Asks: 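For reference, the structure I am asking about is given below.
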Amino acid sequence: MTTTFVNPALYVAGQWLEKASGGARPVFNPATATEIGQLPLAGPAELAAAAESAQHGFEQWRRVRPHDRYVILRRAAELLRQRADEIATVLTLEQGKPLAEAKREVVLSADIIDFQAEEAKRLYGRTVAPRVDGILSHTVSRVPVGPVAAFTPWNFPVNLPSRKLGSALAAGCSVVIKPAEETPASCMLLVRCFLDAGLPAEVINMLCGDPALVSSFLIERPEIAKVSVTGSVAVGKLLGEQAARHVKRFTGELGGHAPVIVCEDMCEGAALDFVLKQSVTAKYRNAGQVCASPIRFYVPRAQLATFSERFAAAAQKLQLGSGLDAATQMGPLAHARRIEDMERFVDDAVGQGARLLAGGHRADRPGWFFEPTVFAEAPPTSRLMQQEPFGPIAVIQPFDELDDAISQANALPYALGAYAFTSDLHTAHRLGESIEAGMVGINHFGVSQPELPFGGHKESGIGQEQGAEGITHYTEVKTITVGQPF
Ligand SMILES: NC(=O)C1=CN([C@@H]2O[C@H](COP(=O)(O)OP(=O)(O)OC[C@H]3O[C@@H](n4cnc5c(N)ncnc54)[C@H](O)[C@@H]3O)[C@@H](O)[C@H]2O)C=CC1
Ligand SMILES: O=Cc1ccc(S(=O)(=O)O)cc1
């Protein structure tokens, strides 16, 4: 297995580019904060070429039968599985997460592509009975929306592109994808799987550059029909506004601030052990850089001390280190900006009187490591209780009545993932129905599955990815109605 980095290149109009007109920027290993590669950056010339190429690619791909699209996508998923060790290593080198997490991400991405490939064959239409004589047929079908501009972040550099590419390509769209500049190489290796599987060259274009320039340039291009973004609420609003100005279709998978309600009946003995083990694992997975990461834990007031002390003790025991080291349980944050952001969250929470129970500092070692951090009783005005920390910070809050916990859970404009633990079936249903979120996990954190729709309510997003819903967002409804000629 290789432990070397693969220098990233852009893929524009059927050519791999190791240099581009926008210059270049370094790619870093977050575990050491050292440069590991150079990324070429697209300028207007490559951006225009990519948009034109996506139009050519679309004209070709839309005519490929769904079954043939399915065959190519299934082959790409298989190549991804075969290359999982190499791709996971590159992912860990540029993003930082433990290798086992990176490998799971790559294999899960193959499952996502497989599922969407199957959906290509199930884009059913319908016929509708005419209401007057002289009409032969009304046919309602789904057609591909057109070339897509897709923007993905650095926290899941293979999974998030796979969600967009799997659905868009299955639907018959071409894609110009801009992965995060911090983590371009693992996405490049994903793109190679599609091309090696037989995807026609111009159906996919991949480039990086100045994010604001790339997005505004592409969204304004007449070739681009749809914009799909995963990122912060702020970036989602910006790109959504730009798309709306041109009446372009838009999917946004944006931030979250997931609450976790732990009911009284889960606060003792084996039940409490179970909740704590699941919670600490879910919280510090990918160093908390997950849009559906649990953030606010609500526990009965009488259990606050025990729950928070045990949570903090478990967090402090986590082994930090390079993702390539098999003993590592939590890697570094993906880039230096995240460390500064964590410090701002901590300073603000401490300043507002929250109790710091664990961590709170950058770790005393090279690289962008931040200690697993636990707060209790943070005031609702603190930044931590209002904005997505997107890092290894948990906050544990007391509640008196379950209704109060539900109100607090629903108090923010975010509504992506939410979780609750209870052994009571009636309470499980009540929580599932009353918590406002796109995805509610009861007694587990595994809300993201290839078979299930993933998406948020309120400001957390528009549309869904994965599941049967994923592909539909890359289609338009078209009605053809045929009358008798005379
Ligand atoms: N929903 C998710 O999975 C993600 C959410 N975020 C959120 O974003 C916050 C800030 O993340 P940072 O990386 O520090 O900041 P950032 O906002 O600079 O970048 C976030 C991502 O958006 C992209 N981006 C930024 N401006 C863009 C633009 N005008 N057009 C197209 N893409 C653009 C970047 O390339 C990057 O991949 C995090 O605290 C978190 O709340 C970040 C990454 C993933
Ligand atoms: O950041 C969003 C995100 C990405 C991946 C997953 S999972 O690996 O499929 O669980 C969850 C959330």
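The residues of the chain are indexed from 1 along the displayed sequence. Indexing begins at 1, ligand by ligand and atom by atom, following the structure's order. Remember, predicted model here, so these are calculated numbers, not experimental data.
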Asks: More than 12 heavy atoms of other residues, nucleotides or ligands under 6.0 Å from CD of Gln82: is that the case?
Replies: yes

Asks: Can you find an N or O of Glu182 that's nearer than 3.5 Å to an N or O of ligand 1?
Replies: no

Asks: If you have a sec, work out which protein heavy atom is nearest atom 29 (N) of ligand 1 and how many Å separate them, to one decimal?
Replies: Ala212 CA, 3.4 Å

Asks: Nearest non-hydrogen contact with atom 9 (C) of ligand 1 belongs to which option: Gly391, Gly231, Ser460, Ser232?
Replies: Ser232

Asks: Within the structure provided, determine whether Leu91 and Lys97 are in side-chain contact (heavy-atom separation under 4.5 Å).
Replies: yes

Asks: Hey, mind stepping through Arg192 and Tyr11 against side chain to side chain contact (heavy atoms under 4.5 Å, CB included) and telling me if it holds?
Replies: CA-CA 9 Å; Arg192 268 201 200 144; Tyr11 187 71; over 6 Å; no

Asks: For side chain to side chain contact (heavy atoms under 4.5 Å, CB included), just list the numbers for Met385 and Val395, CA-CA rounded to whole Å, side-chain angles, deciding distance to a tenth of an Å, and then say yes or no.
Replies: CA-CA 8 Å; Met385 289 298 287; Val395 55; 3.8 Å; yes

Asks: Would you check whether Pro211 has a nitrogen or oxygen atom less than 3.5 angstrom from a nitrogen or oxygen atom of ligand 1?
Replies: yes

Asks: Kindly confirm or rule out an N or O of Pro153 lying under 3.5 angstrom from an N or O of ligand 1.
Replies: no

Asks: Could you check atom 19 (O) of ligand 1 against the protein and tell me its nearest heavy-atom contact, residue, atom and distance included?
Replies: Arg337 NH2, 4.3 Å

Asks: Quick one: which residue pairs count as a ring-ring contact (aromatic ring centres under 6.0 Å, His included) with a foot in residues 440-473, not counting sequence neighbours?
Replies: Tyr419-Phe445, Phe421-Phe445

Asks: Could you find the nearest protein heavy atom to atom 41 (O) of ligand 1 and give me its residue, atom name and distance?
Replies: Glu388 OE1, 2.5 Å

Asks: Are any of the N or O atoms of Arg338 closer than 3.5 Å to those of ligand 1?
Replies: yes

Asks: Report the residues that fulfil side chain to side chain donor-acceptor pair (under 3.5 Å) with Glu181, sequence neighbours left out, ordered by chain and then residue number.
Replies: Lys178

Asks: Does NZ in Lys19 sit with more than 12 non-hydrogen atoms of other residues, nucleotides or ligands closer than 6.0 Å?
Replies: no

Asks: Please confirm whether Thr230 comes within less than 3.5 Å of ligand 1 when only nitrogen or oxygen atoms on both sides are compared.
Replies: no

Asks: Would you please indicate yes or no on a ring centroid separation below 6.0 angstrom for Phe390 and Trp154?
Replies: yes

Asks: Between Lys164 and Thr251, do the side chains contain an N or O donor and an N or O acceptor separated by less than 3.5 Å?
Replies: no

Asks: Taking a cutoff of less than 4.0 Å between a non-hydrogen atom of the residue and any ligand atom, is Gln387 in contact with ligand 1?
Replies: no

Asks: Considering only non-hydrogen protein atoms, determine which one is nearest to atom 42 (C) of ligand 1 and report residue, atom name and distance to 0.1 Å.
Replies: Phe390 CE2, 3.8 Å

Asks: Could any protein non-hydrogen atom be found less than 4.0 Å from atom 31 (C) of ligand 1?
Replies: yes

Asks: Where's the contact between Ser215 and ligand 1, heavy-atom distance under 4.0 Å: side chain, backbone, both or neither?
Replies: side chain

Asks: Leu254 heavy atoms, cut-off 4.0 Å: which ligand 1 atoms fall inside?
Replies: 1 (N)

Asks: Could you verify whether a donor N or O on one side chain and an acceptor N or O on the other, from Asn205 and Glu46, lie under 3.5 Å apart?
Replies: no

Asks: What residues, two or more places apart in sequence or in another chain, satisfy ring pair (Phe, Tyr, Trp, His ring centres under 6.0 Å) together with Phe369?
Replies: none

Asks: Check whether the side chains of Thr183 and Glu94 place a donor and an acceptor atom closer than 3.5 Å, and report yes or no.
Replies: no

Asks: For ligand 2, output the ligand-protein N/O contacts shorter than 3.5 angstrom; if there are none, return none.
Replies:
unit_1, atom_1, unit_2, atom_2, d
ligand 2, 1 (O), Asn155, ND2, 3.1
ligand 2, 1 (O), Cys291, N, 3.1
ligand 2, 8 (O), Arg285, NH2, 2.6
ligand 2, 9 (O), Ser448, OG, 2.6
ligand 2, 10 (O), Arg285, NH1, 3.3
ligand 2, 10 (O), Arg285, NH2, 3.2

Asks: For atom 26 (N) of ligand 1, which candidate among Val235, Val233, Asn155 holds the nearest heavy atom?
Replies: Val235

Asks: Which bit of Gln289 is near ligand 1, meaning a heavy atom under 4.0 Å away: side chain, backbone, both or neither?
Replies: neither

Asks: Could you report the tightest heavy-atom contact between Val175 and Ala150, atom names first, then the distance?
Replies: CG1-CB, 4.0 Å

Asks: Do Gln352 and Thr381 meet the criterion of a side-chain donor-acceptor pair at a distance under 3.5 Å?
Replies: yes

Asks: Could you pull out the closest heavy-atom pair between Pro179 and Met206, with the gap in Å?
Replies: CD-CG, 3.9 Å

Asks: What do we get for Val214 next to ligand 1 when only non-hydrogen atoms under 4.0 Å count, side chain, backbone, both or neither?
Replies: neither

Asks: Considering Phe156, Trp154, Phe345 one by one, which has a heavy atom nearer to atom 13 (O) of ligand 1 than any of the others?
Replies: Trp154

